[in-house]
> 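Structure incoming, see below.
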Amino acid sequence: MSQESVKAPTALPFADALGVLRATAEETRLRILALLMQGELSVSDLTDILGQSQPRISRHLKLLVEAGLVERHREGAWAFFRLIEARTGLVEPLVVGLDRSSPPLSEDRARLDGVRAQRADAAQTFFARLAPKWDQLRSLHVPEAMVEAAVIEALGSRPVRSLIDLGTGTGRMLGLLAPRANRATGLDSSHAMLSVARANLERAGLSGVDLRQGDIHAPPFGRESFDLVVVHQVLHYLDDPARALREAARLVMPGGRLLVVDFAPHDLEFLREDQAHRRLGFAPEQVTGWLADAGLGTVAIRHLAPADESGHQLTVTLWLAAAAATPARTSEAERAVA
């Protein structure tokens, strides 16, 4: 992510500062903070790295959460922990000042690398089962590199403070866009796909990305939380894509943007059975209408049509919508309730 992603520490009341210092003044908890500076980890990860029991690690994590240094989020039966963003600037000088070239921190880092390697192997095994179907789908449209170049061109050079990729899958869009953002988050309903995304992002050196398990129809984030929301190749899998876009639009800050990437209408019926597609593409005016109903204005539409001689049969369409610069916008659904 961008160098601006590490923020200055938020000023703490004196009593809270004492609580933070007490929480860090213990060997295991300091080692945990040093590890979490490298990215989010599960309780299982930490027990493997630190060689301590699950109840003992959980007790230390509970104290760090109560001190306001660490936050916890669930991913199916798993619980992941990460540093609270507002406290990163407070913890970083402490950790950076430690000698990480000698034990115990050097040993912790070596075991962290081992845990990540195991993660990557498991993710690769899972993805290998999906790869033939995904390769078939990719063969039907223009190369991914062309799509990604079009995404970068559509977004331009405008700074991104907070990014969310809804239905992140393997984390491909996060790998492309997270380096441009101060803060990046990915949401997916599948723990298995999040494991793939986590391994891919760690391999790319993007361990600071926040990955969450959740439903795209009910994303667990507050209204107007992100200035860039991405929905990339997700809508055609959904029973209710209009609802998903309403929820996506709810997350867009005033003046922020929503980027939708999906297929134009096509007649490849076999994709319903072979690839679990619920929708055979979307007409430009259909998605534009949904975005307008959600209170957004469409800025630009671009079609990436295959060349006749290429053998590709699917056109990829990009819709870039923007929220009004003031928070007064309301969606069609909200106006109907009113």
Side-chain angles (χ1 to χ4, degrees), residues 35-36 38-49 54 71-82 112-139 144 147-148 163-178 184-221 229-241 244 247-248 261-263 271-279:
L35 288 165
L36 293 181
Q38 307 300 316
E40 67 181 13
L41 293 167
S42 69
V43 176
S44 177
D45 293 335
L46 289 167
T47 58
D48 289 345
I49 293 167
Q54 186 270 333
E71 62 183 348
R72 173 184 185 271
H73 69 88
R74 294 206 66 81
E75 191 175 295
W78 294 51
F80 282 86
F81 293 82
R82 63 182 294 113
L112 171 62
D113 291 342
V115 165
R116 286 179 168 172
Q118 291 175 355
R119 229 188 239 170
D121 289 344
Q124 186 60 37
T125 299
F126 170 80
F127 188 65
R129 297 199 300 268
L130 299 179
K133 287 188 175 183
W134 286 29
D135 288 343
Q136 178 193 32
L137 182 60
R138 283 195 291 266
S139 73
E144 293 287 351
V147 177
E148 292 173 2
L163 156 73
I164 186 165
D165 182 23
L166 296 174
T168 193
T170 63
R172 192 177 187 99
M173 282 294 105
L174 288 172
L176 180 69
L177 300 176
T185 303
L187 182 77
D188 204 281
S189 62
S190 167
H191 170 64
M193 292 308 299
L194 287 171
S195 296
V196 174
R198 189 171 284 112
N200 287 341
L201 293 169
E202 287 175 350
R203 191 179 302 114
L206 296 170
S207 56
V209 175
D210 185 10
L211 294 175
R212 300 293 183 95
Q213 186 174 31
D215 183 358
I216 195 172
H217 294 107
F221 306 101
V229 178
V230 176
V231 183
H232 174 262
Q233 297 291 17
V234 174
L235 295 184
H236 57 260
Y237 291 110
L238 305 179
D239 286 320
D240 193 352
E247 288 298 318
V261 182
D262 219 292
F263 297 124
L271 291 177
R272 295 190 193 273
E273 184 69 25
D274 292 355
Q275 303 273 351
H277 288 202
R278 305 293 293 175
R279 303 295 187 98

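This structure is a prediction, so every number in the text was calculated from the model and none was measured.
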> Report the distance from atom CG of Leu174 to atom OG1 of Thr168, rounding to the nearest 0.5 Å.
3.5 Å
> For Gly39 versus Arg116, what's the shortest heavy-atom pair and its separation?
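So the two residues come closest at N-NH2, 4.2 Å.
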> Does a side-chain heavy-atom distance below 4.5 Å link Leu35 with Ile49?
yes
> Can you confirm whether Glu202 sits close enough to Gln38 that some side-chain heavy atom of one is under 4.5 Å from a side-chain heavy atom of the other?
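Heavy-atom side-chain distance check fails, nothing below 4.5 Å.
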> Measure from the side-chain N and O atoms of Asp45 to the backbone N and O of Ser42, and report whether any donor-acceptor pair falls under 3.5 Å.
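Answer holds: yes.
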> So, Gln275 and His236: side-chain donor and acceptor under 3.5 Å apart, yes or no?
no
> Apply side chain to side chain contact (heavy atoms under 4.5 Å, CB included) to residues Val261 and Val231 and explain how you reach the verdict.
CA-CA 6 Å; Val261 182; Val231 183; over 6 Å; no
> Which distance, rounded to the nearest 0.5 Å, do you find between the CG of Leu166 and the OG of Ser189?
11.5 Å
> Please give me the minimum heavy-atom distance between Phe81 and Leu36, naming the atom from each residue.
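That would be O-CD2, 3.5 Å.
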> Looking only at heavy atoms, which two atoms of Leu187 and Pro219 are closest? And how far apart?
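Closest approach of Leu187 to Pro219, heavy atoms only: CD2-CB, 3.9 Å.
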> Taking the side chain as every heavy atom from C-beta outward, state whether Leu41 and Phe80 have any pair of such atoms under 4.5 Å apart.
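SC-SC contact between Leu41 and Phe80 ruled out.
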> Got a salt bridge between Glu71 and Arg212, using NZ or NE/NH1/NH2 to carboxylate O under 4.0 Å?
yes
> Are the side chains of Val230 and Leu163 in contact, using a 4.5 Å heavy-atom criterion?
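In short, these two side chains touch, coming nearer than 4.5 Å.
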> About how many Å separate CD of Gln54 and CG of Asp48, when rounded to the nearest 0.5 Å?
11.5 Å
> Measure across Pro241 and Arg279 and return the closest heavy-atom pair with its distance rounded to 0.1 Å.
CD-NH2, 3.5 Å
> To check you understand the geometry: which heavy-atom pair defines the closest contact between Gly167 and Val234, and what is its length?
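Closest pair (atom of Gly167, atom of Val234, distance): O-CG2, 3.6 Å.
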> Does atom CZ of Arg278 have more than 12 heavy-atom neighbours from other groups under 6.0 Å away?
no
> Donor-acceptor check, side chain of Asp188 to backbone of Gln213, threshold 3.5 angstrom: yes or no?
no
> How close do Ser44 and Thr47 get, counting heavy atoms only, and between which atoms?
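In terms of heavy atoms, the two residues are closest at O-OG1, 2.8 Å.
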> For the CE atom of Met173 and the CD atom of Gln233, what is their distance to the nearest 0.5 Å?
9.0 Å
> How far does OG1 of Thr185 sit from CG of Leu211, to the nearest 0.5 angstrom?
8.5 Å
> To the nearest 0.5 Å, what is the distance between CZ (Phe221) and CD1 (Ile164)?
4.0 Å
> Is it true that a side-chain atom of Arg82 and a backbone atom of Gly208 form a donor plus acceptor pair closer than 3.5 Å?
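Looks like yes, one N/O pair under 3.5 Å.
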> Classify the ring geometry of His277 against Phe263: parallel below 30°, tilted from 30° to 60°, perpendicular beyond 60°.
parallel
